[in-house]
Amino acid sequence: MTQYYRKIRSYVRREGRLTKGQQRALNELYPVYGLKLENNQLIDFVELFGNDHPVHIEIGFGNGQALIHMAAEHPDQNYLGIEVHRPGVGNALLQVEQQDLKNVRVIAQDAVEVLSDHIPDESLSAVYIFFADPWHKKRHHKRRLIQTEFVETLMSKLKQNGLLHFATDWQDYAEHMLEVIKKIPSLENPAGKNNFSERPDYRPITKFEQRGLRLGHGVWDLLLRKK
């Protein structure tokens, strides 16, 4: 008898209602700035962006605030955002349109599958994961996105000296990330072993983060380099 196993997801879709603007963006702008990938189709970044500039990926970009900020500040670099939350995708697309950004593309699919099946090896200059769901209950820790196997996948997609940048406002998740990277010897922490970094200027402070800081929450940035 064939057995079927449910894949563990690192996210839950909690979409809510799309605004008219977000729906328009998904209908009209996603065909322009979004990708719908076929099975095992590798992305050709030169063809996608029309240039050979460095490619940066943000996984789980939320409403797009950091993604759009980085792309607007660095027009000489390309940015690919991955997000399953459709209102967030729609909001990011509206910002791309408003700012007439040429260096942004988005994918509304599971990041684990996108990285495994569609991103060429050693093609990325940076990967960002800001404030991923911490799944703070112990029985849910297996759902956390930042796990050894996934980080090893990210490493295979990064160029030499490529950047991994994780940020979280949950101390337990920050400590979990440190434990994960200890298992990956090809990662270097420029801040020193078991140390976190100051927030770099390219990562904006989001409204979500500002609210947490007002409540006394800490924020931990972990910047890593592929040796």
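For reference, positions follow the sequence shown, starting with 1.
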Engineer: When you look at Asp169 and Arg211, which way does the salt bridge (Lys or Arg N to Asp or Glu O under 4.0 Å) test go after all the steps?
Structural biologist: CA-CA 11 Å; Asp169 61 344; Arg211 183 170 67 248; over 6 Å; no

Engineer: Can a donor-acceptor pair be found, under 3.5 Å and without considering hydrogens, that links the side chain of Gln109 to the backbone of Leu37?
Structural biologist: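 A pair under 3.5 Å: yes.
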
Engineer: If only side-chain N and O atoms count, and only distance matters, is there a donor-acceptor pair under 3.5 Å linking Asn189 with Asn195?
Structural biologist: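 The answer is no; no qualifying pair exists.
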
Engineer: Are the side chain of Lys182 and the backbone N or O of Asn194 linked by a donor-acceptor pair below 3.5 Å?
Structural biologist: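 Checking the backbone N and O of Asn194 against the side chain of Lys182, no donor-acceptor pair under 3.5 Å is found.
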
Engineer: Side-chain contact, heavy-atom cut-off 4.5 Å: Val219 with Arg203?
Structural biologist: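 A side-chain contact under 4.5 Å exists here.
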
Engineer: Kindly work out whether a path of hydrophobic side-chain contacts (I/L/V/M/F/W/Y, heavy atoms less than 4.5 Å apart) joins Val55 to Val46.
Structural biologist: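 No; tracing contacts between hydrophobic side chains, which count when under 4.5 Å, never links both residues.
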
Engineer: Any chance you could lay out the side chain to side chain contact (heavy atoms under 4.5 Å, CB included) test for Tyr173 and Ile146, step after step, and finish with the verdict?
Structural biologist: CA-CA 9 Å; Tyr173 202 5; Ile146 299 173; 3.7 Å; yes

Engineer: Looking at CD1 of Ile57 and OH of Tyr128, how far apart are the two atoms once the value is rounded to the nearest 0.5 Å?
Structural biologist: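 With rounding to 0.5 Å, CD1 (Ile57) is 11.0 Å from OH (Tyr128).
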
Engineer: Grab the two heavy atoms, one from Gln22 and one from Leu18, that are nearest each other, plus how far apart they are.
Structural biologist: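 Looks like OE1-CA, 3.6 Å.
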
Engineer: Mind listing the closest non-hydrogen atom pair of Pro75 and His53 along with its distance?
Structural biologist: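 Shortest heavy-atom separation between Pro75 and His53 comes out as O-ND1, 4.2 Å.
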
Engineer: Quick one: does Arg105's side chain have a donor or acceptor within less than 3.5 Å of a partner on Leu80's backbone?
Structural biologist: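 A pair under 3.5 Å: no.
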
Engineer: Does Gln210 CD have over 12 foreign heavy atoms under 6.0 Å away?
Structural biologist: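 Counting neighbours around CD of Gln210, more than 12 heavy atoms of other residues, nucleotides or ligands fall under 6.0 Å, so yes.
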
Engineer: So, taking the atom named CD in Glu73 and the one named OH in Tyr79, what distance separates them when rounded to the nearest 0.5 Å?
Structural biologist: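 Output value for this atom pair is 9.0 Å.
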
Engineer: Taking side chain as C-beta onward, heavy atoms only, is Leu224 less than 4.5 Å from Ile181?
Structural biologist: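 The answer is yes, as the side chains (C-beta and beyond) meet within the 4.5 Å cut-off.
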
Engineer: For the pair Ile59 and Leu154, evaluate side chain to side chain contact (heavy atoms under 4.5 Å, CB included) and give the outcome as yes or no after the intermediate values.
Structural biologist: CA-CA 11 Å; Ile59 295 171; Leu154 296 179; 4.0 Å; yes

Engineer: Out of curiosity, Ile82 CD1 to His118 NE2, how far, rounded to the nearest 0.5 Å?
Structural biologist: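 Separation between the atoms: 9.5 Å.
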
Engineer: So which atom in Gly81 and which in Leu67 form the shortest heavy-atom distance, rounded to 0.1 Å?
Structural biologist: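 That would be CA-CD2, 4.0 Å.
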
Engineer: Kindly indicate, with the supporting measurements, whether the criterion side chain to side chain contact (heavy atoms under 4.5 Å, CB included) is fulfilled by Asn39 and Asp117.
Structural biologist: CA-CA 8 Å; Asn39 289 341; Asp117 300 340; over 6 Å; no

Engineer: Tell me, do Tyr30 and Val89 make a side-chain contact under 4.5 Å, heavy atoms counted?
Structural biologist: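 Touching, per the 4.5 Å side-chain cut-off.
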
Engineer: Does the side chain of Phe196 reach to within under 4.5 Å of the side chain of Leu222, using non-hydrogen atoms?
Structural biologist: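 Result yes, sub-4.5 Å side-chain heavy-atom pair found.
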
Engineer: Between Ser116 (side chain only) and Glu113 (backbone N and O only), is there a donor and an acceptor less than 3.5 Å apart?
Structural biologist: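 Looks like no, no N/O pair under 3.5 Å.
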
Engineer: Indicate the ring-plane relationship of Phe49 and Phe45, choosing parallel, tilted or perpendicular according to the 30° and 60° boundaries.
Structural biologist: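 It falls in the parallel class, under 30°.
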
Engineer: Compare all side-chain heavy atoms of Leu145 with those of Val112 and state whether any distance is below 4.5 angstrom.
Structural biologist: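 They are in contact (side-chain heavy atoms under 4.5 Å apart), so the answer is yes.
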
Engineer: At their closest point, which heavy atom of Ala25 faces which heavy atom of Gly90, and how far apart are they?
Structural biologist: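 Looking at all heavy atoms of both residues, the closest pair is CB-O, 3.5 Å.
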
Engineer: Does any N or O in the side chain of Glu83 come within less than 3.5 Å of the main-chain N or O of His85, such that one atom is a donor and the other an acceptor?
Structural biologist: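 Confirmed, Glu83 side chain pairs with His85 backbone.
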
Engineer: Would you say the side chain of Val106 lies within less than 4.5 Å of the side chain of Val96, judging by non-hydrogen atoms?
Structural biologist: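 The answer is no, as the side chains (C-beta and beyond) never meet within the 4.5 Å cut-off.
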
Engineer: Please report the interatomic distance CD(Gln95) to CG(Asn63), rounded to the nearest 0.5 Å.
Structural biologist: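 Rounded to the nearest 0.5 Å, the CD-CG separation comes to 6.5 Å.
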
Engineer: Below 4.5 Å, heavy atoms only, C-beta onward: do Ile129 and Phe150 meet side chain to side chain?
Structural biologist: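 Side-chain contact under 4.5 Å: yes.
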
Engineer: Under the 3.5 angstrom rule, does the side chain of Asn103 hit a backbone N or O of Gln77 as a donor-acceptor pair?
Structural biologist: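 Indeed, once roles are kept as given, a pair shorter than 3.5 Å links the two residues.
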
Engineer: Should Val180 and Phe166 be marked as a side chain to side chain contact (heavy atoms under 4.5 Å, CB included) after you check the CA-CA gap, both sets of side-chain angles, and the distance that decides it?
Structural biologist: CA-CA 12 Å; Val180 167; Phe166 305 143; over 6 Å; no

Engineer: Could you pull out the closest heavy-atom pair between Gly88 and Phe61, with the gap in Å?
Structural biologist: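 Residues Gly88 and Phe61, closest heavy atoms: O-CE1, 3.8 Å.
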
Engineer: Is it the case that atom CG in Asp76 sees more than 12 heavy atoms from other parts of the structure closer than 6.0 Å?
Structural biologist: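 More than 12 heavy atoms, drawn from other residues, nucleotides or ligands, come within 6.0 Å of this atom.
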
Engineer: Roughly how far apart are Glu58 CD and Ile68 CD1, rounded to 0.5 Å?
Structural biologist: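 Atom-to-atom, Glu58:CD and Ile68:CD1 are 9.5 Å apart.
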
Engineer: Determine the minimum heavy-atom distance between Ser125 and His56, stating which atoms define it.
Structural biologist: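 Taking Ser125 first and His56 second, the nearest heavy atoms are CB-NE2, 4.1 Å.
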
Engineer: Rounded to the nearest 0.5 Å, how far does CG of Leu94 lie from CZ of Arg24?
Structural biologist: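 So the CZ of Arg24 and the CG of Leu94 are separated by 6.0 Å.
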
Engineer: Whether the side chain of Lys226 engages the backbone of Met155 through a donor-acceptor N/O pair (distance < 3.5 Å, no angle test) should be reported.
Structural biologist: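 Flag set: sc Lys226 to bb Met155 pair under 3.5 Å.
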
Engineer: Who passes ring pair (Phe, Tyr, Trp, His ring centres under 6.0 Å) against His165, sequence neighbours left out?
Structural biologist: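 Result, ring pair (Phe, Tyr, Trp, His ring centres under 6.0 Å) vs His165: Phe130, Tyr202.
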
